[in-house]
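Both ligands and their constituent atoms are indexed starting at 1 by order of listing.
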Amino acid sequence: MSLSREQMLVEMGISPIWVLRDAPAVESAPSSEQITEEFAPAVPVVEAPLPVRPVQAVGDPVATAAQDVGALDWPALARQVAGCRACSLCEQRKQAVLGVGDSSPDYLFIGEGPGADEDAKGEPFVGQAGKLLDSMLAALDIARGNRVYIANAVKCRPPGNRTPEPAEMAACWPYLERQIALLKPKIIVLLGKAAVHAVLHDDKSLASLRGKRFEYAGIPVVVTYHPAYLLRNLPDKAKAWEDLLFARRTLREQQAPALPF
Ligand code: URA
């Protein structure tokens with residue numbers, strides 16, 4: 001069953017926000033352009049430093065992960081991730097979760113790491129948070145596999161669904177770095193603090209990072225809340241919706257030909 005945009009916004013729990021108090025009742029949610037205008041932020045482009053490569057030394061598990069990853073194609077990358085033993089997260093995983101979606105996407109969404117459902121199924125964001133993420137994508141008329149790829153900062157489930165440690169994200173970084181290089185997304189959306197740490201090496205609050213355009217390797221990067229956080233903090237879904245519209249606007253600006261004046 002395909003849902004209307006309004007149903008999607010209801011699904012995200014933010015639909016009432018778009019009802020204009022003095023306007024006549026409308027049958028559908030306002031157009032994205034209307035919404036986008038409301039949230040057009042003054043956005044400095046913030047050049048993020050490229051993430052520092054993990055220190056590599058012979059015998060260092062990080063070096064083991066990083067070896068030759070930069071030259072791998074998709075099948076070889078998938079094999080290497082599946083057998084990775086670069087950090088202790090491998091010890092309790094059922095399987096590593098590489099990512100899913102369009103191999104030539106407009107959007108790359110990056111989360112934190114697999115949870116129990118993802119560990120069991122081998123696909124990112126298939127639990128409750130994933131359902132919300134799918135609704136968020138659908139509200140933008142995109143879907144996993146259609147203009148979108150979904151990956152995580154770490155490929156193996158942190159025990160108890162804890163946040164991955166910086167060292168674990170550093171050990172896994174070469175894989176994400178290679179995914180980004182292979183995918184060549186037109187925009188990257190970072191879901192939550194762990195993803196921000198992994199890609200931008202920035203540990204500031206999400207509130208202070210939202211609405212800004214960062215760059216990684218020449219690709220625009222924007223930041224929003226993690227869907228699992230949104231499930232616990234429902235009012236912030238409206239902010240996440242603003243962030244998605246900002247991402248779409250940033251993508252469109254990226255794609256628009258430069259005007260001759
Ligand atoms: N949370 C994440 O960050 N990633 C997943 O794949 C699932 C839940």
Next item on the list: Just say parallel, tilted or perpendicular for the rings of H226 and F125, cut-offs at 30° and 60°.
Entry: tilted
Sub-4.5 Å side-chain heavy-atom contact between [X] and [Y]:
X	Y	result
L108	I187	no
L200	V221	yes
L191	P227	yes

Note to self: Under 4.0 Å between a side-chain nitrogen and a carboxylate oxygen: does that hold for D134 and R144?
What the structure shows: yes
Check: Hey, are R147 and D102 close enough for a salt bridge, meaning a charged N less than 4.0 Å from a carboxylate O?
Finding: no
Next item on the list: For ligand 1, would you mind listing the residues that have at least one heavy atom less than 4.0 Å away, ordered by chain and number?
Entry: G111, E112, G113, E118, P124, F125, N152, H226
